[in-house]
Number of protein chains: 2
Amino acid sequence: MDKNAPPNSASTVADVAREAGVSKATAARVLGGYGTVSEKVRVAVMAAAEALDYRPNELARSMTTGRSGTIGVIVGDIENPFFSLAVRGITDVARQAGFTVVLVNSSEDARNEEAALRTLLAKRVDGLIVSPAKESETDHLRDAARSGRPLVLLDRGSETLGVDTVVANDRHAAESITRKLIARGHRHIAYLTACDTPDHHFRTPADIHTGSVRRRIEGFFSTCQEAGMTDVEHNIHVGAVTPERTRAIIMAMIEAPLRPTAIIASDSVIALEVFKLCREFAIRIPDDLSLVSFHDADWTSVTTPPVTVIRQPVYQLGETAARLLVRRMKGDVGPPTRTVLETELVERASVSMPDQSSEPPHRG
Amino acid sequence: MDKNAPPNSASTVADVAREAGVSKATAARVLGGYGTVSEKVRVAVMAAAEALDYRPNELARSMTTGRSGTIGVIVGDIENPFFSLAVRGITDVARQAGFTVVLVNSSEDARNEEAALRTLLAKRVDGLIVSPAKESETDHLRDAARSGRPLVLLDRGSETLGVDTVVANDRHAAESITRKLIARGHRHIAYLTACDTPDHHFRTPADIHTGSVRRRIEGFFSTCQEAGMTDVEHNIHVGAVTPERTRAIIMAMIEAPLRPTAIIASDSVIALEVFKLCREFAIRIPDDLSLVSFHDADWTSVTTPPVTVIRQPVYQLGETAARLLVRRMKGDVGPPTRTVLETELVERASVSMPDQSSEPPHRG
DNA sequence: TTGAAAGCGTTACCAA
DNA sequence: TTGGTAACGCTTTCAA
């Protein structure tokens, strides 16, 4: 009497089997699409499943197979266009490969990242893509790697960890844009990043624990030094974590006796803040200040002037990482790889030669 | 002899119990943090767990408890800043409440959405937040709601579904911006949306299946009609789904004999495309064309001129939806609610009075 | 081709 | 406070 109508609680393989008059194993075979069954039995079981509105329980399936069909993704902040684009790349290939994505924001905090990793591992994700907040604190990543589940690092690597990594050629990009600025006559170039140090001051690239940014700063640093500049470390500003902090840093920079003639923004969020502040204080770009940004965010081509950027293959970064992960999850056990994607300097109109008009008269 | 070193394969409650010399049930109690155990036993079990590097298997736990600690989120496109911001709101409250988020992009396709829903339900998510691609095709949503798992609709509602909904007051926002444009003398106002119809032409608001956009168009439509305008439906352009399509639509619009004097962009991605094209063809904003956009995207304040927008509480939209969902998952069984968040018109400098200079001389 | 039964790692119930 | 044991819903041998 409780056989015909769809039951109130979810029906299981056993229910379908009973309804179809076959064994549980047989019903499971047709429902799970494995093993062999006669055509007659197949249609009977399918009909029963339909009648009972059977829905497979992936949890139970995962528990016996050991695979969850899920990949865990940890990024700093999904709200940042850089990450949302990369995540789009990841989800696109994940979907295509039959995986779903569990997303966690670390807020660029290593402890959050660690907790997230623990959770994802406990949920038995089949693989992980992480954009590590700090390259120095990677014990939890080592654990994850050791757990046997494939791990791919995104945008930020780790030299020592021996794990698959997909990054952009940040160092080279920083070198080339710095050289370009120097060639245009700039001698006081500031680098501005959200990465922070305990005392909010920069001393050496080793202070920077975010891989991509450290590599950029290394490139910036050495190129400046090669050009004979001194005190380069004073031109590297850290801790632009919020709009307010960013503004404060830029203000201090602008009001300093030796005002920089050019700023390199480490991401588009920072560049936008620079742009807003310049507008507010009637600082002309590029006449009073040149601006260059990492990440070709959509708006950078539409400002007046449009801003010169380093275009990173952000979507491809995510795509490549996910593809690699899928390969690993399928059993590829080659040695760890390091994929470096090329960047491109997109010259627009936010850089000029400082000799034209930018240096205040206190020079000559 | 295989008791001391951390085993190669993950250890379980049973392993810990054996190591600690207690029963499985007791070990499970301290590991799971339920029931009561003596202090002595607790420390013994914890020590054993530590020694064996025990990690709980959430899958197994979920299977017996029926709760997975996971909420499913389906949005149109995480790459769109609107959604990435809303998702940030969702993940923030989810984390705080102890849930993780499974994210799926539907690409605004109802079939993808349906498949995603099936997958998420199979994975036994505890609750769902969906931004439905089409209000008309909601059978799968109905199923989900009937499955007993709480469902909250985000940004786009459904009048008939009887399910919790969190939206912005789109209709009111559209009315007020339309009135504003009319007050400024505009008589030919175009509305441009990514939503599409089978033949890419707009006839009636009922053609639009995306709730938020339909409500906006209704507001636009009726306000225009009240002002005595005719053929309003010809000024509503659908199908701006890609930059290319958007450009084509704008081009056609601009070259038409009756060129609109103002454009309302239904989202910031479209507005950006309008802006780019205007720049390319030296169409002056607002002198030649006024522009207004839904969503106060970060770049809109920084262009020349800055663009007038309807500021939506996007983060709060996600936040509110997630909070509501958490309440439901905790057992709140009140009647379905409909939360309408207020918007704000942010007037900048992209709207002018057409009499000043916008109409080409072919008028007089 | 089919069926019976064991097992996955938990929680939960009931006795002791 | 503890231990034994039955679920949970599926897959996977192993026989028949």
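Proteins come first, then strands; the chains are lettered A, B, ... in the order of their sequence lines, and each starts at number 1. Just so it is clear, the values below take in all heavy atoms, side chains as well, and ignore hydrogens, waters and symmetry mates.
Between B/Arg55 and A/Asp143 there is a salt bridge, with a side-chain nitrogen of the basic residue lying less than 4.0 Å from a carboxylate oxygen of the acidic one. Note on B/Arg156 versus B/Glu108: salt bridge recorded, some NZ/NE/NH1/NH2 to OD/OE distance being below 4.0 Å.
Residue B/Ser38 has a polar side-chain atom (N or O) positioned under 4.0 Å from OP1 or OP2 of D/dT2. Residue B/Thr64 places none of its side-chain N or O atoms closer than 4.0 Å to OP1 or OP2 of D/dA7.
The side chain of B/Ala60 lies closest to C/dG9 when the candidates are D/dG9, C/dT2, C/dG9. Minimum atom distance to the side chain of A/Met63 is reached by C/dC8, of the listed C/dT10, C/dC8, D/dC10.
A donor atom on one side chain and an acceptor atom on the other are not found under 3.5 Å apart for B/Ser131 and B/Asp155.
In this structure, the side chains of B/Arg95 and A/Asn112 come closer than 4.5 Å at one or more pairs of heavy atoms. Two residues are said to be in side-chain contact when any heavy atoms from C-beta on lie closer than 4.5 Å; B/Leu324 and B/Val166 meet this criterion. B/Leu128 is listed as a side-chain neighbour of B/Leu121, based on a closest heavy-atom distance under 4.5 Å.
Crowding of B/Met46 atom CE: a count of heavy atoms from other residues, nucleotides or ligands under 6.0 Å not exceeding 12. Counting heavy-atom neighbours within 6.0 Å of B/Arg111 CZ, excluding the residue itself, gives a total of 12 or less.
Using a 4.0 Å heavy-atom distance criterion, A/Thr65 is classed as a sugar-phosphate-only contact. At a threshold of 4.0 angstrom between heavy atoms, the contacts of B/Arg55 are confined to the sugar-phosphate backbone, with no base atom among them.
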I'd like a table of donor-acceptor pairs (distance under 3.5 Å, sequence neighbours excluded) in which one partner is a side-chain atom from residues 31-42 of chain A, with atom names and distances.
from	atom 1	to	atom 2	distance (Å)
A/Ser38	OG	A/Val41	N	3.3

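Separating the CG atom of A/Leu52 from the P atom of D/dG9 is a distance of 13 Å, rounded to the nearest angstrom. Rounded to a whole Å, the CG atom of B/Asp15 is 8 Å from the P atom of C/dG9. We find that CZ of A/Arg61 is positioned 15 Å from C1' of D/dC8, with the value rounded to whole Å. B/Leu59 places its CG atom 14 Å from the P atom of D/dC10, with the value rounded to the nearest Å. The separation between B/Arg18 atom CZ and D/dG4 atom C1' is 16 Å, rounded to whole Å. The CG atom of A/Asn57 sits 17 Å away from the P atom of C/dT10 (whole-angstrom rounding).
Direction change of the helix axis from one end of the helix from C/dT1-D/dA16 to C/dA16-D/dT1 to the other is 40°, with five pairs defining each end axis (rounded to 10°).
A heavy atom lying under 4.0 Å from DNA chain D marks the following residues of residues 22-35 of chain B, by number: B/Val22, B/Ser23, B/Ala25, B/Thr26, B/Arg29.
Mapping B/Val37 and B/Arg124 onto DNA chain D by nearest heavy atom places B/Val37 at the nucleotide closer to the 5' end.
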